[in-house]
There are 2 protein chains.
Amino acid sequence: MLNIGDAANATGLPTKTVRYYADVGLVVPNGRSENGYRLYGDVELRKLTFVRRARALSFSIEECRELLSLYEDQDRSSANVKSLALKRLAEIEDKLHDLRKLRDELAHLAEACHGDDRPDCPILDSFAGSGPRHNG
Amino acid sequence: MLNIGDAANATGLPTKTVRYYADVGLVVPNGRSENGYRLYGDVELRKLTFVRRARALSFSIEECRELLSLYEDQDRSSANVKSLALKRLAEIEDKLHDLRKLRDELAHLAEACHGDDRPDCPILDSFAGSGPRHNG
DNA sequence: CTTGACCTTCCAGTGGCTGGAAACCTTATA
DNA sequence: TATAAGGTTTCCAGCCACTGGAAGGTCAAG
């Protein structure tokens, strides 16, 4: 049974985050020591690592909660997990698409900008241009 | 001179957001009407549109403030703007990279998951696997 | 006169932490 | 025994960029 700091080290999470997960009931400690310290056992360490990984894949806390309960449920069907993963996948694809567009626009602008002492700048022009009907 | 709602419509921003931008001093109204309503003129509309575009390219509020002041400064050099844009570009490339990795991982997992009633699920396994030293 | 659509201010909440204060516990050292 | 350093506890505030809602003022139409 580890104190919170050791549990944090063992799972690669910040101590504050482990405490936060306990507060929101995502991964609650196994119990408390006599002096009130949170105690984490193997099961909790595994859950914390599980959550760290799922968070790194940008699952929300609520989704992590859902995944954890599926993870704990011996009778779960993998269809639930898959549909959750596919939903996240679609969102990530969208985000990826937006980000690529953004990157291309910005790259195009930066390329067009000579970046010297002259005041004219295509970047600012593009932000300002074809605005709320101010000159065509 | 438009009221806040009309200004919001003209620039494609939510009314609340326009008010927020006024509160934080990003785009302050031209003045107030007798009854205390915020009033927006052409200049402010152009600034709001400018900000909307820059925000859509994921510039932060502070960066927008900086861009706006460059935009307003007749003596600015385009190098300032370009360096800001390039900095953002690098961040976006990083984010893109991470997101692609994330997508590939998740796609791989979803593909490996048969998604039926059987309880064994590669997605959960991968979250749980090679954890905090619990079985190798 | 009422209805409805505006507008105002202010306060609270979002997500997922993160920082800090004040106090307690443990261990090591002088 | 004092004390200092490091852990831990609780609670409260702040981050970002809004967003929602309450309570009230204003204005035009019917």
Side-chain angles (χ1 to χ4, degrees), chain A residues 1-41 44 47-68 88 91-92 95 98 102, chain B residues 1-41 44 47-68 88 91-92 95 98 102:
Chain A
M1 294 282 247
L2 304 178
N3 284 347
I4 196 166
D6 295 333
N9 279 341
T11 57
L13 288 166
T15 304
K16 278 267 187 185
T17 300
V18 178
R19 201 172 285 124
Y20 172 73
Y21 289 163
D23 285 352
V24 299
L26 184 61
V27 180
V28 293
N30 187 290
R32 299 275 184 144
S33 69
E34 288 180 10
N35 50 31
Y37 289 11
R38 288 170 184 80
L39 293 175
Y40 292 87
E44 290 75 33
K47 285 188 191 175
L48 285 171
T49 304
F50 181 103
V51 168
R52 178 174 59 70
R53 294 222 173 88
R55 288 286 302 137
L57 289 176
S58 85
F59 286 86
S60 74
I61 294 289
E62 286 317 305
E63 283 171 332
C64 286
R65 211 187 290 277
E66 196 171 346
L67 284 169
L68 263 186
R88 290 269 50 228
E91 289 169 17
I92 290 167
K95 216 187 272 184
D98 291 351
L102 195 159
Chain B
M1 296 282 247
L2 303 178
N3 284 346
I4 196 166
D6 294 334
N9 278 341
T11 59
L13 288 165
T15 304
K16 278 266 186 186
T17 300
V18 177
R19 199 174 285 124
Y20 172 73
Y21 289 164
D23 285 351
V24 299
L26 184 60
V27 180
V28 293
N30 187 289
R32 299 274 183 145
S33 68
E34 289 179 10
N35 49 31
Y37 290 11
R38 289 172 183 81
L39 293 174
Y40 292 86
E44 290 74 35
K47 286 188 191 173
L48 285 171
T49 305
F50 182 105
V51 168
R52 178 175 59 71
R53 293 220 175 90
R55 288 287 302 136
L57 290 177
S58 83
F59 287 86
S60 74
I61 294 289
E62 287 317 304
E63 284 171 330
C64 285
R65 212 186 288 278
E66 197 170 345
L67 285 170
L68 263 186
R88 287 270 51 230
E91 289 170 14
I92 289 167
K95 213 187 276 183
D98 291 350
L102 195 159

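Side-chain atoms are counted along with the backbone in the values below, which use heavy atoms only and exclude waters and symmetry mates. A, B, ... follow the sequence lines: proteins, then strands. Residue 1 opens every chain.
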Counting only side-chain nitrogens and oxygens, does B:Asn35 get under 4.0 Å of the OP1 or OP2 atom of D:dC27?
yes
Here the distance between atom C1' of C:dT26 and atom OH of A:Tyr37, to the nearest Å, is 6 Å
Donor-acceptor pair, side chain of B:Arg88 and main chain of B:Ser58, under 3.5 angstrom:
yes
Gap separating the CG atom of A:Asp23 from the NZ atom of A:Lys16, nearest 0.5 angstrom:
9.5 Å
Give the rounded distance in Å between these two atoms: CZ of A:Arg52 and P of C:dC17.
13 Å
Are the side chain of B:Asn35 and the backbone of B:Tyr37 linked by a donor-acceptor contact shorter than 3.5 Å?
yes
What do the steps show when you test A:Phe59 against A:Val51 for side-chain contact (heavy atoms from CB on, under 4.5 Å), and what is the final call?
CA-CA 9 Å; A:Phe59 286 86; A:Val51 168; over 6 Å; no
C:dT8 C1' sits how many Å from B:Tyr40 OH, rounded?
12 Å
For the helix from C:dC1-D:dG30 to C:dA30-D:dT1, what angle lies between the axis at the first five pairs and the axis at the last five pairs, to 10 degrees?
30°
Quickly work out the A:Arg65 CZ to C:dG15 P distance and round it to whole Å.
11 Å
Looking only at heavy atoms, which two atoms of A:Gly41 and A:Asn30 are closest? And how far apart?
N-CB, 4.3 Å
Please give, in whole Å, the distance from C:dT8 P to B:Asn3 CG?
7 Å
What integer distance in Å separates B:Leu39:CG from C:dC7:P?
11 Å
Say you draw a straight line from CD of B:Glu44 to CG of B:Leu39; how long is it, rounded to the nearest 0.5 Å?
9.5 Å
Give the B/S/- string for nucleotides 10-23 of chain D, one per nucleotide from 5' to 3', where a protein heavy atom under 4.0 Å of the base yields B, of only the sugar-phosphate yields S, and otherwise -.
B------BBSBB--
Whole angstrom is fine here: how far is it from CD in A:Glu34 over to C1' in C:dC25?
12 Å
State, yes or no, whether a side-chain contact exists between A:Tyr40 and A:Thr11 at a heavy-atom distance under 4.5 Å.
no
Separation between CZ (A:Arg38) and CE (A:Met1), nearest 0.5 Å, reads 14.0 Å
Can you find a pair of side-chain heavy atoms, one from B:Ile92 and one from B:Leu57, that are under 4.5 Å apart?
no
Rounded off to whole Å, could you give me the CD1-to-P distance for the B:Ile4 and D:dC27 pair?
17 Å
